[in-house]
Amino acid sequence: MDRVVIFDTTLRDGEQSPGASMSVEQKLEIAVQLGRLGVDVIEAGFPVSSPHQLEGCKLIAKQVRGPTIAALARAVEKDIDSAAESLRDAERPRIHTFLATSPIHMQYKLRKSPEEVLELAVRSVRYARNKVAEVEFSPEDGTRSEIPFLCRVIEKVIDAGARIINVPDTVGYTMPTEFAEFLRAIIEGTPNMDKAVLSVHCHNDLGVAVANSLAAVRAGARQVEVTVNGIGERAGNACLEEFVMALSVRNDLHPYSTGINTKQIWNTSRLVSTTIGFPIPRNKPITGENAFAHESGIHQDGVLKKRETYEIMTPESVGRDSSQLVLGRHSGLHGFRNRLAELGFELSEEELKTAYDQFLVVADRKKEVYDDDLYVIVSHHLGRSADTINLEYFNIISGNVSVPTATVRLTMGEERFEEAATGDGPVDAIFNAIDRALGLTAQLLEYVVQAVTPGRQAMGEVSVSLSIDGRKFVGRGASTDILEASARAYVNAVNRWKTFQAATRTETESDDTV
Ligand code: KIV
Ligand code: ZN
(Lines give C-alpha, C1' and ligand atoms only; values in the text may rest on other atoms or scores of the structure.)
(Ligands and ions follow the chains in the order given, each with its own letter.)
Protein backbone atom coordinates (compact mmCIF):
# COMPACT_ATOMS: atom_id res chain seq x y z
CA MET A 1 0.00 0.00 0.00
CA ASP A 2 1.30 3.48 -0.87
CA ARG A 3 2.30 5.57 2.12
CA VAL A 4 1.04 9.13 2.57
CA VAL A 5 3.35 11.33 4.61
CA ILE A 6 1.52 13.31 7.30
CA PHE A 7 3.02 16.78 7.68
CA ASP A 8 1.55 18.45 10.73
CA THR A 9 1.50 22.25 10.81
CA THR A 10 -0.54 22.74 14.01
CA LEU A 11 2.40 24.56 15.58
CA ARG A 12 2.95 26.86 12.59
CA ASP A 13 -0.15 27.48 10.45
CA GLY A 14 -2.35 26.33 13.36
CA GLU A 15 -0.73 28.76 15.72
CA GLN A 16 -1.47 31.52 13.20
CA SER A 17 -5.18 31.20 14.10
CA PRO A 18 -6.18 34.40 15.86
CA GLY A 19 -6.00 33.78 19.61
CA ALA A 20 -4.08 30.49 19.37
CA SER A 21 -0.62 31.63 20.40
CA MET A 22 1.17 29.16 22.66
CA SER A 23 4.04 29.34 25.08
CA VAL A 24 7.26 27.56 24.15
CA GLU A 25 6.57 24.87 26.76
CA GLN A 26 3.06 24.31 25.42
CA LYS A 27 4.44 23.93 21.90
CA LEU A 28 6.92 21.34 23.10
CA GLU A 29 4.20 19.41 24.90
CA ILE A 30 2.12 19.31 21.73
CA ALA A 31 5.14 18.34 19.61
CA VAL A 32 5.84 15.40 21.93
CA GLN A 33 2.22 14.30 21.61
CA LEU A 34 2.38 14.66 17.80
CA GLY A 35 5.35 12.29 17.91
CA ARG A 36 3.23 9.79 19.86
CA LEU A 37 0.44 10.26 17.35
CA GLY A 38 2.89 9.23 14.64
CA VAL A 39 3.07 12.24 12.34
CA ASP A 40 6.01 12.13 9.93
CA VAL A 41 6.83 15.83 9.91
CA ILE A 42 6.24 18.52 12.54
CA GLU A 43 6.38 22.08 11.27
CA ALA A 44 7.54 23.72 14.48
CA GLY A 45 7.19 27.39 13.54
CA PHE A 46 8.37 30.36 11.54
CA PRO A 47 11.66 31.16 13.31
CA VAL A 48 12.45 34.54 11.76
CA SER A 49 9.11 36.00 12.76
CA SER A 50 10.04 36.45 16.45
CA PRO A 51 12.56 35.34 19.08
CA HIS A 52 9.73 33.38 20.69
CA GLN A 53 9.18 31.42 17.44
CA LEU A 54 12.91 30.80 17.11
CA GLU A 55 13.12 29.54 20.68
CA GLY A 56 10.12 27.22 20.20
CA CYS A 57 11.60 25.71 17.04
CA LYS A 58 14.98 25.22 18.69
CA LEU A 59 13.48 23.49 21.69
CA ILE A 60 11.40 21.13 19.56
CA ALA A 61 14.34 20.40 17.24
CA LYS A 62 16.45 19.51 20.25
CA GLN A 63 13.96 17.46 22.21
CA VAL A 64 11.72 15.68 19.75
CA ARG A 65 13.12 12.56 18.13
CA GLY A 66 11.45 10.53 15.41
CA PRO A 67 9.56 12.93 13.17
CA THR A 68 11.30 15.30 10.76
CA ILE A 69 11.25 18.84 12.17
CA ALA A 70 10.48 21.56 9.64
CA ALA A 71 10.86 25.32 9.96
CA LEU A 72 9.25 27.87 7.64
CA ALA A 73 11.16 30.56 5.78
CA ARG A 74 10.24 33.08 3.11
CA ALA A 75 12.48 33.05 0.06
CA VAL A 76 15.01 35.39 1.67
CA GLU A 77 18.41 34.60 3.13
CA LYS A 78 17.75 35.94 6.62
CA ASP A 79 14.66 33.72 6.95
CA ILE A 80 16.55 30.68 5.71
CA ASP A 81 19.46 31.44 8.05
CA SER A 82 17.07 31.66 10.96
CA ALA A 83 15.31 28.41 9.98
CA ALA A 84 18.68 26.65 9.66
CA GLU A 85 19.79 27.96 13.05
CA SER A 86 16.56 26.77 14.68
CA LEU A 87 17.05 23.29 13.26
CA ARG A 88 20.69 22.86 14.25
CA ASP A 89 19.93 20.16 16.84
CA ALA A 90 17.25 18.38 14.84
CA GLU A 91 17.68 14.71 14.05
CA ARG A 92 16.02 15.20 10.65
CA PRO A 93 15.82 18.91 9.73
CA ARG A 94 13.80 20.32 6.85
CA ILE A 95 13.66 23.91 5.63
CA HIS A 96 10.31 24.82 4.13
CA THR A 97 10.64 27.88 1.95
CA PHE A 98 7.82 29.55 0.05
CA LEU A 99 7.24 32.21 -2.58
CA ALA A 100 4.00 33.26 -4.26
CA THR A 101 3.52 32.34 -7.91
CA SER A 102 -0.01 33.52 -8.70
CA PRO A 103 -0.40 36.60 -10.94
CA ILE A 104 -2.27 38.52 -8.22
CA HIS A 105 0.37 37.85 -5.54
CA MET A 106 3.31 38.51 -7.86
CA GLN A 107 1.88 41.77 -9.16
CA TYR A 108 0.36 43.30 -6.03
CA LYS A 109 2.11 41.69 -3.06
CA LEU A 110 5.60 40.97 -4.32
CA ARG A 111 5.72 43.59 -7.10
CA LYS A 112 7.95 41.25 -9.06
CA SER A 113 7.84 39.87 -12.56
CA PRO A 114 7.41 36.11 -13.08
CA GLU A 115 11.07 35.90 -14.19
CA GLU A 116 12.23 37.58 -10.98
CA VAL A 117 10.09 35.21 -8.92
CA LEU A 118 11.50 32.21 -10.76
CA GLU A 119 15.05 33.36 -10.14
CA LEU A 120 14.42 34.11 -6.48
CA ALA A 121 12.77 30.72 -5.91
CA VAL A 122 15.75 28.88 -7.40
CA ARG A 123 18.24 30.99 -5.48
CA SER A 124 16.46 30.40 -2.19
CA VAL A 125 16.16 26.65 -2.64
CA ARG A 126 19.85 26.46 -3.51
CA TYR A 127 20.73 28.56 -0.50
CA ALA A 128 18.58 26.37 1.78
CA ARG A 129 20.09 23.18 0.29
CA ASN A 130 23.49 24.40 1.41
CA LYS A 131 22.18 24.48 4.97
CA VAL A 132 20.18 21.24 5.24
CA ALA A 133 19.71 18.12 3.15
CA GLU A 134 15.94 18.31 2.93
CA VAL A 135 14.25 21.32 1.39
CA GLU A 136 10.56 21.78 0.72
CA PHE A 137 9.35 24.49 -1.65
CA SER A 138 5.81 25.92 -1.70
CA PRO A 139 4.60 28.11 -4.55
CA GLU A 140 2.24 30.17 -2.40
CA ASP A 141 -1.28 30.66 -3.78
CA GLY A 142 -0.43 27.69 -5.99
CA THR A 143 -3.99 26.90 -7.00
CA ARG A 144 -4.46 30.39 -8.48
CA SER A 145 -1.19 30.22 -10.38
CA GLU A 146 -0.93 29.60 -14.12
CA ILE A 147 -0.04 25.98 -14.79
CA PRO A 148 2.73 26.52 -17.39
CA PHE A 149 4.52 29.02 -15.11
CA LEU A 150 4.02 26.82 -12.07
CA CYS A 151 5.52 23.85 -13.91
CA ARG A 152 8.55 25.95 -14.89
CA VAL A 153 9.10 27.06 -11.30
CA ILE A 154 8.68 23.52 -9.97
CA GLU A 155 11.06 22.06 -12.54
CA LYS A 156 13.74 24.63 -11.71
CA VAL A 157 13.44 24.33 -7.91
CA ILE A 158 13.66 20.55 -8.17
CA ASP A 159 16.84 21.02 -10.22
CA ALA A 160 18.06 23.34 -7.47
CA GLY A 161 17.56 20.60 -4.86
CA ALA A 162 13.99 20.79 -3.54
CA ARG A 163 12.80 17.30 -2.65
CA ILE A 164 9.26 18.14 -1.63
CA ILE A 165 7.00 20.32 -3.75
CA ASN A 166 4.02 21.53 -1.78
CA VAL A 167 1.10 23.03 -3.71
CA PRO A 168 -0.89 25.22 -1.34
CA ASP A 169 -4.49 26.19 -1.80
CA THR A 170 -3.61 29.26 0.21
CA VAL A 171 -7.00 30.93 0.05
CA GLY A 172 -9.14 27.78 0.12
CA TYR A 173 -10.52 28.44 -3.36
CA THR A 174 -10.26 25.21 -5.28
CA MET A 175 -12.71 22.29 -5.44
CA PRO A 176 -11.88 18.57 -5.30
CA THR A 177 -12.30 17.61 -8.98
CA GLU A 178 -10.66 20.80 -10.19
CA PHE A 179 -7.74 20.33 -7.77
CA ALA A 180 -7.16 16.75 -8.88
CA GLU A 181 -7.05 17.87 -12.54
CA PHE A 182 -4.75 20.73 -11.63
CA LEU A 183 -2.31 18.40 -9.88
CA ARG A 184 -2.38 15.89 -12.75
CA ALA A 185 -1.53 18.73 -15.13
CA ILE A 186 1.42 19.69 -12.91
CA ILE A 187 2.67 16.11 -12.80
CA GLU A 188 2.39 15.85 -16.59
CA GLY A 189 3.88 19.29 -17.25
CA THR A 190 6.93 18.94 -14.98
CA PRO A 191 9.51 16.63 -16.55
CA ASN A 192 11.44 15.95 -13.31
CA MET A 193 8.43 15.62 -10.97
CA ASP A 194 9.48 12.02 -10.22
CA LYS A 195 12.52 13.44 -8.37
CA ALA A 196 10.32 15.05 -5.69
CA VAL A 197 7.40 14.20 -3.45
CA LEU A 198 4.22 16.06 -4.35
CA SER A 199 2.54 17.59 -1.31
CA VAL A 200 -0.63 19.62 -0.75
CA HIS A 201 -1.67 22.19 1.83
CA CYS A 202 -5.37 23.01 1.77
CA HIS A 203 -7.22 25.78 3.56
CA ASN A 204 -10.83 25.39 4.55
CA ASP A 205 -12.47 28.64 3.49
CA LEU A 206 -15.17 26.80 1.55
CA GLY A 207 -15.28 23.79 3.88
CA VAL A 208 -13.61 21.37 1.46
CA ALA A 209 -10.01 21.23 2.69
CA VAL A 210 -10.19 17.55 3.63
CA ALA A 211 -12.06 16.66 0.43
CA ASN A 212 -9.41 18.52 -1.58
CA SER A 213 -6.62 16.70 0.26
CA LEU A 214 -8.23 13.33 -0.45
CA ALA A 215 -8.69 14.22 -4.13
CA ALA A 216 -5.02 15.26 -4.21
CA VAL A 217 -3.89 11.90 -2.91
CA ARG A 218 -5.91 10.16 -5.61
CA ALA A 219 -4.22 12.42 -8.15
CA GLY A 220 -0.71 11.53 -6.94
CA ALA A 221 0.15 13.64 -3.87
CA ARG A 222 2.07 11.66 -1.26
CA GLN A 223 2.42 14.27 1.46
CA VAL A 224 -0.55 16.06 3.00
CA GLU A 225 -0.26 19.08 5.30
CA VAL A 226 -2.80 19.12 8.08
CA THR A 227 -3.49 20.46 11.56
CA VAL A 228 -5.06 18.94 14.64
CA ASN A 229 -8.71 20.05 14.95
CA GLY A 230 -8.26 21.82 11.60
CA ILE A 231 -6.96 25.02 13.21
CA GLY A 232 -5.10 27.52 11.04
CA GLU A 233 -5.28 30.86 9.24
CA ARG A 234 -8.88 32.12 8.83
CA ALA A 235 -11.18 29.08 8.49
CA GLY A 236 -8.26 26.76 9.18
CA ASN A 237 -6.39 23.97 7.43
CA ALA A 238 -7.34 20.43 6.44
CA CYS A 239 -8.06 18.59 9.67
CA LEU A 240 -5.60 15.82 10.52
CA GLU A 241 -8.02 13.46 12.19
CA GLU A 242 -10.72 13.81 9.53
CA PHE A 243 -8.24 13.22 6.73
CA VAL A 244 -6.60 10.22 8.41
CA MET A 245 -9.90 8.56 9.34
CA ALA A 246 -11.32 9.16 5.85
CA LEU A 247 -8.29 7.34 4.43
CA SER A 248 -8.67 4.56 6.95
CA VAL A 249 -12.44 4.05 6.84
CA ARG A 250 -12.66 4.39 3.05
CA ASN A 251 -9.49 2.50 2.32
CA ASP A 252 -11.36 0.82 -0.54
CA LEU A 253 -11.42 4.20 -2.32
CA HIS A 254 -8.04 5.43 -1.11
CA PRO A 255 -5.71 2.45 -0.69
CA TYR A 256 -3.01 4.39 1.15
CA SER A 257 -1.52 4.04 4.60
CA THR A 258 -0.17 6.58 7.09
CA GLY A 259 2.05 6.24 10.16
CA ILE A 260 -0.70 7.59 12.43
CA ASN A 261 -1.65 5.65 15.53
CA THR A 262 -5.33 6.54 15.36
CA LYS A 263 -5.81 5.61 19.02
CA GLN A 264 -3.89 8.76 19.93
CA ILE A 265 -6.30 11.00 18.00
CA TRP A 266 -8.70 11.69 20.85
CA ASN A 267 -5.94 12.69 23.31
CA THR A 268 -4.17 14.87 20.80
CA SER A 269 -7.33 16.68 19.83
CA ARG A 270 -8.22 17.33 23.50
CA LEU A 271 -4.68 18.48 24.28
CA VAL A 272 -4.65 21.02 21.43
CA SER A 273 -8.13 22.25 22.27
CA THR A 274 -7.41 22.81 25.96
CA THR A 275 -3.99 24.30 25.30
CA ILE A 276 -5.18 27.01 22.95
CA GLY A 277 -8.61 27.41 24.46
CA PHE A 278 -10.63 26.55 21.34
CA PRO A 279 -13.52 24.26 22.29
CA ILE A 280 -14.24 21.29 20.01
CA PRO A 281 -17.76 21.66 18.56
CA ARG A 282 -20.02 18.86 19.81
CA ASN A 283 -20.85 17.75 16.30
CA LYS A 284 -17.31 17.86 14.95
CA PRO A 285 -16.46 14.71 12.97
CA ILE A 286 -14.23 12.18 14.77
CA THR A 287 -13.57 14.08 18.00
CA GLY A 288 -16.80 15.97 18.78
CA GLU A 289 -18.66 14.92 21.92
CA ASN A 290 -21.59 13.72 19.79
CA ALA A 291 -19.54 12.03 17.05
CA PHE A 292 -20.48 8.60 18.39
CA ALA A 293 -23.71 9.44 20.22
CA HIS A 294 -26.93 7.87 18.98
CA GLU A 295 -30.01 9.75 20.08
CA SER A 296 -32.93 8.47 18.05
CA GLY A 297 -34.61 5.30 19.26
CA ILE A 298 -34.37 3.74 15.82
CA HIS A 299 -30.62 4.35 15.72
CA GLN A 300 -30.09 3.08 19.26
CA ASP A 301 -32.06 -0.05 18.49
CA GLY A 302 -30.00 -0.62 15.34
CA VAL A 303 -26.68 -0.12 17.12
CA LEU A 304 -27.69 -2.51 19.88
CA LYS A 305 -28.58 -5.16 17.32
CA LYS A 306 -25.52 -4.59 15.18
CA ARG A 307 -23.13 -1.71 15.76
CA GLU A 308 -22.30 -1.26 12.07
CA THR A 309 -25.91 -0.33 11.26
CA TYR A 310 -25.13 3.25 12.26
CA GLU A 311 -21.41 3.30 13.07
CA ILE A 312 -18.81 3.45 10.31
CA MET A 313 -15.92 3.39 12.79
CA THR A 314 -15.63 2.61 16.47
CA PRO A 315 -14.93 5.21 19.16
CA GLU A 316 -12.09 2.96 20.34
CA SER A 317 -10.39 3.24 16.94
CA VAL A 318 -9.83 6.97 17.57
CA GLY A 319 -8.81 6.43 21.19
CA ARG A 320 -12.11 7.27 22.78
CA ASP A 321 -12.43 4.73 25.52
CA SER A 322 -16.12 3.85 25.64
CA SER A 323 -15.67 2.27 29.05
CA GLN A 324 -14.66 5.64 30.54
CA LEU A 325 -12.96 4.77 33.80
CA VAL A 326 -14.23 6.86 36.68
CA LEU A 327 -11.81 7.89 39.41
CA GLY A 328 -12.70 9.07 42.90
CA ARG A 329 -11.00 10.35 46.02
CA HIS A 330 -9.96 6.84 46.97
CA SER A 331 -8.32 6.01 43.66
CA GLY A 332 -5.00 7.14 45.11
CA LEU A 333 -1.93 8.53 43.44
CA HIS A 334 -1.15 5.21 41.81
CA GLY A 335 -4.54 4.93 40.08
CA PHE A 336 -4.37 8.58 39.08
CA ARG A 337 -0.90 8.19 37.58
CA ASN A 338 -1.93 5.03 35.67
CA ARG A 339 -5.02 6.64 34.20
CA LEU A 340 -3.07 9.70 33.06
CA ALA A 341 -0.49 7.42 31.45
CA GLU A 342 -3.30 5.54 29.65
CA LEU A 343 -4.62 8.88 28.42
CA GLY A 344 -1.19 9.67 27.00
CA PHE A 345 0.07 12.18 29.58
CA GLU A 346 3.67 11.85 30.66
CA LEU A 347 4.21 14.05 33.69
CA SER A 348 7.27 14.72 35.78
CA GLU A 349 6.99 13.87 39.49
CA GLU A 350 6.48 17.54 40.30
CA GLU A 351 3.78 17.98 37.66
CA LEU A 352 2.11 14.79 38.81
CA LYS A 353 1.97 16.12 42.34
CA THR A 354 0.45 19.45 41.24
CA ALA A 355 -2.12 17.65 39.11
CA TYR A 356 -2.89 15.16 41.89
CA ASP A 357 -3.48 17.95 44.43
CA GLN A 358 -5.91 19.54 42.01
CA PHE A 359 -7.52 16.15 41.37
CA LEU A 360 -8.16 15.78 45.13
CA VAL A 361 -9.81 19.20 45.23
CA VAL A 362 -12.08 18.18 42.35
CA ALA A 363 -12.71 14.71 43.81
CA ASP A 364 -13.75 16.32 47.09
CA ARG A 365 -16.30 18.48 45.34
CA LYS A 366 -17.68 15.81 43.02
CA LYS A 367 -17.68 12.12 43.69
CA GLU A 368 -16.83 10.86 40.21
CA VAL A 369 -13.95 12.23 38.19
CA TYR A 370 -14.18 11.40 34.49
CA ASP A 371 -11.50 11.31 31.80
CA ASP A 372 -12.69 14.68 30.49
CA ASP A 373 -12.20 16.13 33.99
CA LEU A 374 -8.64 14.79 33.92
CA TYR A 375 -7.90 16.49 30.58
CA VAL A 376 -9.10 19.74 32.09
CA ILE A 377 -7.16 19.26 35.33
CA VAL A 378 -3.92 18.49 33.53
CA SER A 379 -4.14 21.23 30.94
CA HIS A 380 -5.44 23.97 33.21
CA HIS A 381 -3.17 23.40 36.13
CA LEU A 382 0.10 22.48 34.45
CA GLY A 383 2.16 24.33 31.86
CA ARG A 384 1.74 27.40 34.01
CA SER A 385 4.94 28.97 32.89
CA ALA A 386 2.92 31.06 30.47
CA ASP A 387 0.59 32.11 33.25
CA THR A 388 2.51 34.98 34.65
CA ILE A 389 -0.53 36.16 36.58
CA ASN A 390 -2.21 33.87 39.09
CA LEU A 391 -5.59 34.12 40.71
CA GLU A 392 -4.96 33.76 44.41
CA TYR A 393 -8.31 34.67 45.85
CA PHE A 394 -11.71 36.04 44.98
CA ASN A 395 -14.83 36.85 46.93
CA ILE A 396 -18.30 37.69 45.68
CA ILE A 397 -21.28 39.34 47.27
CA SER A 398 -24.31 38.86 45.12
CA GLY A 399 -28.03 38.38 45.34
CA ASN A 400 -31.23 39.50 43.63
CA VAL A 401 -31.50 42.66 45.75
CA SER A 402 -27.84 43.67 46.23
CA VAL A 403 -25.34 45.16 43.79
CA PRO A 404 -22.93 42.36 42.81
CA THR A 405 -19.50 43.18 44.22
CA ALA A 406 -16.27 41.24 43.72
CA THR A 407 -12.88 41.39 45.39
CA VAL A 408 -9.92 39.71 43.71
CA ARG A 409 -6.31 39.15 44.62
CA LEU A 410 -3.86 38.37 41.84
CA THR A 411 -0.17 37.62 42.09
CA MET A 412 2.67 37.90 39.61
CA GLY A 413 5.90 36.64 41.12
CA GLU A 414 6.30 38.65 44.32
CA GLU A 415 3.82 41.31 43.25
CA ARG A 416 0.23 41.41 44.51
CA PHE A 417 -2.74 43.17 42.99
CA GLU A 418 -5.95 43.50 44.95
CA GLU A 419 -9.09 45.38 43.97
CA ALA A 420 -12.85 45.41 44.33
CA ALA A 421 -15.48 46.36 41.78
CA THR A 422 -19.19 46.13 41.14
CA GLY A 423 -20.86 44.82 38.02
CA ASP A 424 -24.13 43.97 36.32
CA GLY A 425 -23.83 40.45 37.69
CA PRO A 426 -21.26 38.46 39.68
CA VAL A 427 -19.23 37.50 36.60
CA ASP A 428 -19.15 41.08 35.36
CA ALA A 429 -18.08 42.23 38.86
CA ILE A 430 -15.17 39.73 38.88
CA PHE A 431 -14.03 40.80 35.42
CA ASN A 432 -14.22 44.48 36.40
CA ALA A 433 -12.21 43.80 39.56
CA ILE A 434 -9.50 41.98 37.54
CA ASP A 435 -9.35 44.83 35.01
CA ARG A 436 -9.04 47.35 37.80
CA ALA A 437 -6.38 45.36 39.67
CA LEU A 438 -4.25 45.07 36.55
CA GLY A 439 -4.99 48.53 35.14
CA LEU A 440 -6.31 46.86 32.02
CA THR A 441 -8.95 47.84 29.48
CA ALA A 442 -10.27 44.64 28.03
CA GLN A 443 -13.49 44.19 26.13
CA LEU A 444 -15.38 40.94 26.61
CA LEU A 445 -16.34 39.60 23.18
CA GLU A 446 -17.62 36.17 24.10
CA TYR A 447 -18.42 34.20 27.23
CA VAL A 448 -19.30 30.51 27.08
CA VAL A 449 -19.86 28.16 29.99
CA GLN A 450 -20.34 24.44 29.65
CA ALA A 451 -20.35 21.36 31.86
CA VAL A 452 -17.43 19.07 31.07
CA THR A 453 -18.95 15.97 32.63
CA PRO A 454 -22.42 14.82 33.75
CA GLY A 455 -24.14 15.48 37.08
CA ARG A 456 -24.96 18.44 39.30
CA GLN A 457 -21.40 18.67 40.58
CA ALA A 458 -20.04 18.69 37.05
CA MET A 459 -16.82 20.49 36.37
CA GLY A 460 -17.71 23.73 34.58
CA GLU A 461 -15.46 25.05 31.88
CA VAL A 462 -15.62 28.69 30.92
CA SER A 463 -14.23 30.10 27.73
CA VAL A 464 -13.86 33.85 27.28
CA SER A 465 -12.76 35.90 24.35
CA LEU A 466 -11.28 39.30 25.12
CA SER A 467 -10.23 42.15 22.90
CA ILE A 468 -7.07 43.80 24.24
CA ASP A 469 -5.12 46.36 22.22
CA GLY A 470 -7.35 45.54 19.24
CA ARG A 471 -6.46 41.81 19.26
CA LYS A 472 -8.48 38.82 20.30
CA PHE A 473 -7.33 36.52 23.10
CA VAL A 474 -9.12 33.40 24.20
CA GLY A 475 -8.88 32.04 27.73
CA ARG A 476 -10.26 29.03 29.49
CA GLY A 477 -10.77 28.14 33.11
CA ALA A 478 -12.28 25.17 34.86
CA SER A 479 -13.66 24.51 38.28
CA THR A 480 -16.68 22.94 39.93
CA ASP A 481 -17.57 26.58 40.76
CA ILE A 482 -18.40 28.51 37.59
CA LEU A 483 -17.51 31.88 39.12
CA GLU A 484 -14.02 30.58 39.86
CA ALA A 485 -13.87 29.05 36.36
CA SER A 486 -14.88 32.47 34.95
CA ALA A 487 -12.16 34.28 36.91
CA ARG A 488 -9.57 31.72 35.82
CA ALA A 489 -10.64 31.95 32.17
CA TYR A 490 -10.33 35.74 32.27
CA VAL A 491 -6.88 35.60 33.87
CA ASN A 492 -5.84 32.92 31.35
CA ALA A 493 -6.81 35.22 28.44
CA VAL A 494 -4.87 38.09 30.02
CA ASN A 495 -1.85 35.79 30.35
CA ARG A 496 -2.11 34.88 26.67
CA TRP A 497 -2.08 38.58 25.86
CA LYS A 498 1.06 38.93 27.98
CA THR A 499 2.68 35.94 26.24
CA PHE A 500 1.81 37.46 22.88
CA GLN A 501 3.21 40.82 23.94
CA ALA A 502 6.46 39.24 25.09
CA ALA A 503 6.68 37.20 21.90
CA THR A 504 6.13 40.12 19.55
CA ARG A 505 7.90 42.90 21.39
CA THR A 506 11.09 42.37 19.42
CA GLU A 507 9.45 40.83 16.41
CA THR A 508 11.34 41.20 13.17
CA GLU A 509 9.75 43.67 10.81
CA SER A 510 8.19 41.86 7.88
CA ASP A 511 10.06 42.25 4.64
CA ASP A 512 7.68 43.69 2.08
CA THR A 513 9.88 42.82 -0.84
CA VAL A 514 9.02 39.10 -0.56
O1 KIV B 1 -1.26 28.61 3.03
C2 KIV B 1 -0.11 28.72 2.60
O3 KIV B 1 0.13 29.04 1.43
C4 KIV B 1 0.99 28.47 3.52
C5 KIV B 1 2.35 28.32 2.91
C6 KIV B 1 3.39 28.95 3.73
C7 KIV B 1 2.61 26.86 2.67
O8 KIV B 1 0.78 28.31 4.70
ZN1 ZN C 1 -1.37 27.82 5.05
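Atoms considered below: every heavy atom in the structure, side chains included; atoms not considered: hydrogens, waters and symmetry mates. Counting starts at 1 for both ligands and their atoms, in listed order.
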Visitor: Output yes when a side-chain donor or acceptor of Asp89 lies under 3.5 Å from a complementary backbone atom of Ala61, and no otherwise.
Guide: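 Not at all, since once roles are kept as given, no pair shorter than 3.5 Å links the two residues.
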Visitor: Any ion pair linking Lys109 and Asp141 (charged N to carboxylate O, less than 4.0 Å)?
Guide: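 No, Asp141 and Lys109 are not salt-bridged.
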Visitor: Using a 4.0 Å cutoff against the non-hydrogen atoms of Glu140, which atoms of ligand 1 qualify?
Guide: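 With Glu140 as reference, the close atoms of ligand 1 come out as 3 (O).
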Visitor: Does at least one non-hydrogen atom of Arg12 fall below 4.0 angstrom from an atom of ligand 1?
Guide: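 Yes, Arg12 has heavy atoms under 4.0 Å from ligand 1.
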Visitor: Taking distance alone, with N or O pairs closer than 3.5 Å, would you say His203 contacts ligand 1?
Guide: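 Min N/O separation from ligand 1 is below 3.5 Å for His203.
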Visitor: Going by the order shown, which atoms of ligand 1 are within less than 4.0 Å of some heavy atom of Asp13?
Guide: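 That gives atoms 8 (O) of ligand 1.
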Visitor: At the Zn ion (ligand 2), what's the angle from His203 NE2 to Asp13 OD2, rounded to 10 degrees?
Guide: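 Angle NE2(His203)-the Zn ion (ligand 2)-OD2(Asp13): 100°, rounded to 10°.
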Visitor: Hey, is ligand 1 close enough to Thr170 that some N/O pair sits below 3.5 Å?
Guide: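 It does: an N or O of Thr170 is found under 3.5 Å from an N or O of ligand 1.
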Visitor: Looking at CE of Met22 and CG of Leu28, how far apart are the two atoms once the value is rounded to the nearest 0.5 Å?
Guide: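 That separation rounds to 12.0 Å.
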Visitor: Glu289 and salt bridge (Lys or Arg N to Asp or Glu O under 4.0 Å): which partner among Arg320, Lys284, Arg282?
Guide: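 Of Arg320, Lys284, Arg282, salt bridge (Lys or Arg N to Asp or Glu O under 4.0 Å) with Glu289 is met by Arg320 alone.
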Visitor: Verify the neighbour count for atom CD of Glu146: are there more than 12 heavy atoms of other residues, nucleotides or ligands below 6.0 Å?
Guide: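 Not more than 12 within 6.0 Å, no.
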Visitor: List the closest protein heavy-atom neighbour of atom 4 (C) of ligand 1: residue, atom name, distance to the nearest 0.1 Å.
Guide: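 Scanning the protein heavy atoms, the shortest distance from atom 4 (C) of ligand 1 goes to His201 NE2, 3.5 Å.
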Visitor: Does Lys131, at its NZ atom, have more than 12 non-hydrogen atoms belonging to other residues, nucleotides or ligands within less than 6.0 Å?
Guide: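 Yes, the 6.0 Å shell around NZ holds more than 12 heavy atoms from other groups.
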